[in-house]
Trainee: 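Below you will find the structure I want to go over with you.
Chain A is the first sequence line, chain B the second, and so forth, proteins listed ahead of strands; every chain is numbered from 1.
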Amino acid sequence: MRPRLLIIDGHSMAFRAFFALPADKFMTSGGAYTNAVHGFISMLATLIKNEQPTHVGVAFDAGAHTFRTEVFPQYKGTRDATPEPFKGQVALIKEVLDAMNIRYLEKDRFEADDILATWSTCAAEAGMEVLLCSGDRDTLQLVNDHVTVLYPVKGVSELKRYTPEAVEEKYGVRPEQYPDLAALVGETSDNIPGVPGVGPKTAAKWVNQFGSLTEVLNSAETIKGKVGEKLRDHLDQVRQNREINRLLTDVDLDVMPNDLTVQQWDRNKLHEIFDMLEFRTLRERLLAMMGAVDQGTHDEGGAAQGASTQIMEVAAGELAQWLSSTRQPMGLAVAGKGVPSRGTAWQIALSATPESAVVVTLDELSDADSVALRQWLMDPHYPKIVHSAKEAWHALHSFSGGVKGVIADTELAAYLAFPDQRSYGLEDLSIRYVSRDITPVAHQAQGSLDLGLDDTDDALRALANRAAVLPQLAQALDAELSDRSLTALYQEMELPLTVVLAQMEHVGVAVDLEQLRSLDAFFAHQGSEAQKAAFEAIGRQVNLGSPKQLQEVLFDQLDMPKTKKIKTGYTTDAASLADLFVKTGHPFLQHLLEYRDSTKLRQTVEGLLKSVADDGRVHTTFQQTVAATGRLSSTDPNLQNIPIRTETGRRIRQGFVVGEGLDTLLTADYSQIEMRIMAHLSQDDGLISAFQAGEDLHNFVGARVFGVSIDEVTPQMRSKVKAMSYGLAYGLSAFGLSKQLNISVGEASTLMDDYFTRFGGVRDYLTSVVARARTTGYTETIMGRRRYLPDLTSDNRQRRENAERVALNAPIQGSAADVIKQAMLGVDAAFRSEGLSSRLLLQIHDELIVEVAPGEQEIAERIVREEMAGAMQLSVPLAVSVGTGQNWHDAGH
DNA sequence: CGTAACACGTA
DNA sequence: CGTACGTGTTACGC
């Protein structure tokens with residue numbers, strides 16, 4: 001096959017992409033613009049796929065100064081300054097190119113065009129076929145039988161192919177004559193004036209009539225009319241234009257076409273950069289391309305191998321024998337539903353080697369095999385590797401009572417190594433860490449007579465592939481964790497915690513259906529009353545749940561003062577509405593706020609009612625691999641955001657009750673755990689003595705900051721230092737503090753200074769956390785849990801400052817998560833070793849909820865207090881407060 | 001039908 | 001122009 005070279009004009013195409021895609025739609029969560037990167041790489045991917053080049057190179061402009069601007073200072077002089085959102089994107093494009101192992105080049109004092117011209121000339125001479133992708137029409141002069149220009153017509157997705165014929169058809173001149181034509185016509189965007197009144201048609205006519213530009217100029221006298229006059233006036237200009245638009249084909253370059261062979265892409269780098277850019281679909285497109293390309297090669301260098309795991313049969317009655325034949329860690333994949341209390345498993349796949357897996361269908365097992373499998377699953381001495389062990393536990397619960405002996409959970413491991421990722425799909429991890437594509441090759445879709453069977457086959461193969469990749473993947477991830485010193489956190493805290501969480505979810509928390517239903521009715525009634533009143537206040541009906549319609553009412557109809565600006569206009573959030581009420585006193589606002597309150601509460605109650613299981617209990621799912629700080633989160637339903645701040649909201653907590661046959665609910669929470677961790681991490685003398693003194697923290701701090709004695713601290717002083725203390729852990733600014741406390745920025749700033757004067761250790765600690773993270777690239781909790789913060793060195797201020805706040809918060813929030821997780825392990829273990837029936841139900845970040853069995857009140861409370869307070873040895877005591885009651889509300893304190 | 005934007009609940 | 005989450009609604013684009 002003839003070698004085919006694809007050359008891209010980097011800046012010109014990036015710029016086209018930038019204007020083709022909306023900048024605000026392509027932005028990372030950190031605020032970085034990526035539209036040009038996305039458009040450029042997408043275009044490049046399409047080109048590579050469609051054109052199948054053997055060589056690829058990209059040329060960039062080196063800077064504003066070129067030999068052309070030296071001779072013609074006005075060249076490109078009218079260009080506007082580069083748009084702010086475009087800046088920096090070229091650097092990102094280069095990073096992606098690096099990951100794709102595509103060479104790029106720029107050369108001082110030359111334009112990308114000259115590199116293009118040199119490469120294409122040289123390549124054509126060497127017998128290559130050349131594709132030139134550029135948005136600069138000057139490159140048309142390079143077109144010949146071996147060189148085709150791809151010129152963007154609409155955005156960057158549609159490219160027109162300029163062959164010699166196409167150039168001639170469009171401009172009426174042969175490619176090598178194009179610069180003659182362009183010299184006459186001029187180019188506004190490059191600040192090159194042409195002959196006034198002469199457009200492409202006239203210019204082409206002349207060039208054809210006289211044969212070349214030189215001849216046109218020599219014959220200028222003979223051209224009649226106004227245009228002839230204009231031409232004679234601009235002879236020098238046209239000559240100069242022709243000098244400028246001549247591309248150099250003999251620039252001395254370090255990289256030449258032979259150096260541009262297509263290489264394997266760097267999978268890891270590609271993932272890294274796409275993670276950063278938050279490109280999901282583009283990543284998948286490239287991965288798919290990679291797979292397609294890889295299949296054609298026999299290269300093992302990082303290529304994803306299509307997994308072809310052999311599905312093995314185990315004869316009936318021989319499962320026990322097979323299961324006990326090895327103590328090798330076994331990959332375990334479960335097909336079924338891994339939801340708490342309603343889980344089911346249909347099939348499981350087991351595999352200790354990449355080549356083969358045993359798949360069994362549970363309801364087809366003989367009694368003996370079924371027993372053997374159950375025993376094997378629950379035998380901790382048979383090591384298992386699972387992706388999401390908690391889901392497997394739920395899926396298998398009704399079959400075997402769960403699963404024991406899980407020595408590796410690849411989802412959990414991936415989360416600990418890269419806590420900032422959105423998800424940890426096994427397919428992705430497999431491609432990324434063991435270069436194995438586990439998606440089964442789809443069975444021939446057409447011409448097949450038994451499609452139903454194929455579907456089942458695919459599902460089976462997928463399951464087998466999943467199990468078969470696990471041992472290798474676990475090994476790779478173990479190495480990642482070990483490199484990051486996360487092995488202890490993984491094996492001694494997170495893996496054991498999975499089992500505790502699975503049991504908590506399985507047990508669920510009992511609710512009083514009657515109570516919740518009547519609350520629902522109450523909130524519904526309250527809401528409709530408020531709605532009615534709101535409509536009366538404005539004399540019409542609107543959808544009170546629509547911020548858009550509310551904006552119309554408030555700012556158009558009622559002409560109220562504008563609130564804080566948001567993307568879609570002005571905010572109607574509660575704080576602003578309350579503010580507006582103070583200013584206008586309009587009753588609509590009051591009714592609206594009331595409506596919002598009761599609808600929100602009604603939604604919460606209805607959500608709960610919908611999730612009550614047949615056993616009369618609510619089974620939440622605790623997400624162990626979501627929060628980047630190491631916290632748990634709760635979904636389906638979220639039981640970590642049940643209202644507590646208002647009296648009406650608290651009534652919902654009365655609906656969570658102690659289950660039948662049990663005695664009480666016990667809630668236990670850490671008081672001020674984040675400030676205690678701050679004291680421990682900062683080793684600030686003042687803060688440490690505050691906690692050791694056992695005084696009310698905020699009074700103590702207030703006394704120090706304001707220079708008074710503790711009993712002289714007023715409530716105002718207390719609330720100020722309280723806000724300050726809490727804000728510290730979030731990277732609070734003077735501006736933010738002033739806004740929260742409704743004081744001037746100056747006042748807030750003074751407060752911060754006073755605070756830091758008295759608690760210098762805190763200030764030093766906060767500074768050092770950021771500084772350290774900047775050098776190491778990550779923050780660390782007490783247990784060594786890491787959070788990586790590449791943005792700390794970003795050029796983008798918004799991104800950088802955001803990363804700094806994250807760096808301040810992550811060790812505090814994350815260490816608090818470490819502490820309570822340790823406490824949960826302790827409480828669970830102690831309940832078991834004491835043979836209690838009491839059990840953990842919920843965790844709400846700094847609080848544990850326990851259901852206490854009859855007669856266990858005293859010992860359960862003692863265990864909870866001891867295990868929580870003693871979870872870790874810090875420089876300050878961990879204070880725990882406990883309450884009990886028949887429902888969550890009454891158990892609170 | 002899926003996703004973004006908004007608003008709001010918790011620690 | 002303080003962190004970390006999840007959910008329900010509306011609006012809008014495919």
Trainee: Any N or O donor-acceptor pair linking the side chain of A/Asn638 to the base of C/dG6 at under 3.5 Å?
Mentor: no
Trainee: Enter syn or anti for the glycosidic conformation of C/dG2, syn applying to angles within 90° of 0.
Mentor: syn
Trainee: Does the side chain of A/Thr572 get closer than 4.0 angstrom to OP1 or OP2 of B/dA7 through an N or O atom?
Mentor: yes
Trainee: For a quick check of understanding: with a heavy-atom distance under 4.0 Å over all strands, which category does A/Gln549 fall into, base, sugar-phosphate or nothing?
Mentor: sugar-phosphate
Trainee: The side chain of A/Asn641 lies closest to which of these nucleotides: C/dA4, B/dG9, B/dA7?
Mentor: B/dG9
Trainee: For the residue pair A/Thr621 and A/Ser634, establish whether any side-chain heavy-atom pair is separated by less than 4.5 Å.
Mentor: no
Trainee: I need the A/Ile849 CD1 to A/Leu842 CG distance, nearest 0.5 Å.
Mentor: 4.5 Å
Trainee: Could you give the OH-to-C1' distance, from A/Tyr415 to C/dC5, as a whole number of Å?
Mentor: 11 Å
Trainee: How about A/His394 and A/Arg342: do any of their side-chain heavy atoms sit closer than 4.5 Å?
Mentor: no
Trainee: For A/Arg805 and C/dA4, give me the distance from atom CZ to atom P, rounded to whole Å.
Mentor: 9 Å
Trainee: Categorize A/Ile644 for me: base, sugar-phosphate, or nothing, with a 4.0 angstrom heavy-atom threshold over every strand shown.
Mentor: sugar-phosphate
Trainee: For A/Lys562, is the NZ atom crowded, meaning more than 12 foreign heavy atoms sit under 6.0 Å from it?
Mentor: yes
Trainee: Taking any heavy-atom pair under 4.0 Å as a contact, classify A/Asn802: base, sugar-phosphate, or nothing.
Mentor: sugar-phosphate
Trainee: Looking at C/dG6, C/dA4, B/dA11, which one has an atom nearest to any side-chain atom of A/Val626?
Mentor: C/dG6
Trainee: Using the P atom in both, what is the distance from C/dG2 to B/dA4, to the nearest Å?
Mentor: 25 Å
Trainee: Which of the following nucleotides, C/dC5, B/dC8, B/dA11, is nearest to the side chain of A/Ala574?
Mentor: B/dC8
Trainee: Provide, to the nearest angstrom, the distance between the CZ atom belonging to A/Arg785 and the C1' atom belonging to C/dA4.
Mentor: 13 Å
Trainee: Go nucleotide by nucleotide along DNA chain C from the 5' end; which of A/Thr635 and A/Arg787 gets its closest nucleotide reached first?
Mentor: A/Arg787
Trainee: Using a heavy-atom cut-off of 4.0 Å across all strands, would you classify A/Leu808 as base, sugar-phosphate, or nothing?
Mentor: nothing
Trainee: Remember a base hit wins even if backbone is also touched, and classify A/Thr571 as base, sugar-phosphate or nothing at under 4.0 Å, heavy atoms.
Mentor: sugar-phosphate
Trainee: Is any side-chain N or O of A/Ser546 closer than 4.0 Å to OP1 or OP2 of C/dA11?
Mentor: yes
Trainee: Return the value, rounded to whole Å, for the distance between atom CD of A/Glu552 and atom P of C/dT10.
Mentor: 15 Å
Trainee: Counting side-chain heavy atoms from C-beta on, which of C/dA4, C/dC1, C/dG6 comes nearest to A/Ser633?
Mentor: C/dG6
Trainee: Separation of A/Asp818 atom CG from C/dA4 atom C1', in whole Å?
Mentor: 15 Å
Trainee: Contact class for A/Ala729 vs. all strands (heavy atom < 4.0 Å): base, sugar-phosphate, or nothing?
Mentor: nothing
Trainee: Reckon A/Arg645 has a side-chain N or O less than 4.0 Å from the OP1 or OP2 of B/dA11?
Mentor: yes
Trainee: Between B/dG9, B/dA7, C/dT3, spot the one nearest the side chain of A/Ile566, thanks.
Mentor: B/dA7
Trainee: How many whole angstroms separate atom CD of A/Gln813 from atom C1' of C/dT3?
Mentor: 6 Å
Trainee: Please say whether more than 12 non-hydrogen atoms of neighbouring residues, nucleotides or ligands are located less than 6.0 Å from CZ in A/Arg772.
Mentor: no
Trainee: Taking any heavy-atom pair under 4.0 Å as a contact, classify A/Ala810: base, sugar-phosphate, or nothing.
Mentor: nothing
Trainee: Reckon A/Leu601 touches a base, only the sugar-phosphate, or nothing at all at heavy-atom distances under 4.0 Å?
Mentor: nothing
Trainee: Please give, in whole Å, the distance from B/dA11 C1' to A/Ile677 CD1?
Mentor: 13 Å
Trainee: Do A/Phe523 and A/Glu606 have side-chain heavy atoms sitting under 4.5 Å apart?
Mentor: no
Trainee: Is it true that the side chains of A/Tyr755 and A/Ser725 contain a donor and an acceptor less than 3.5 Å apart?
Mentor: yes
Trainee: So what does A/Gly727 touch, heavy atoms closer than 4.0 Å: a base, only the sugar-phosphate, or nothing?
Mentor: base
Trainee: Students often get this wrong, so: under 4.0 angstrom with heavy atoms, is A/Arg631 touching a base, only sugar-phosphate, or nothing?
Mentor: base
Trainee: With sugar-phosphate meaning primed atoms plus P, OP1 and OP2, does A/Lys600 contact a base, only sugar-phosphate, or nothing at under 4.0 Å between heavy atoms?
Mentor: base
Trainee: Between B/dG9 and A/Thr604, is there an OP1 or OP2 to side-chain N/O distance shorter than 4.0 Å?
Mentor: no
Trainee: Hey, does A/Lys548 reach any base, or is it just sugar-phosphate, or nothing, if we go heavy atoms under 4.0 Å?
Mentor: sugar-phosphate
Trainee: Whole-Å distance between C/dC5 P and A/Leu842 CG?
Mentor: 20 Å
Trainee: For A/Gln603, report the nucleic acid contact type (base, sugar-phosphate, nothing); a contact means any heavy atom under 4.0 Å.
Mentor: sugar-phosphate
Trainee: Report the base-pairing partner of B/dC8 (Watson-Crick or G-U wobble, both distances below 3.5 angstrom), or none.
Mentor: C/dG6
Trainee: With a 4.0 Å cut-off on heavy atoms, is A/Ser634 in touch with a base, just the backbone sugar-phosphate, or nothing at all?
Mentor: sugar-phosphate
Trainee: Can you confirm whether the side chains of A/Arg596 and A/Thr572 place a donor and an acceptor under 3.5 Å from each other?
Mentor: yes
Trainee: Would you say B/dA5 has OP1 or OP2 under 4.0 Å from some side-chain N or O of A/Thr568?
Mentor: no
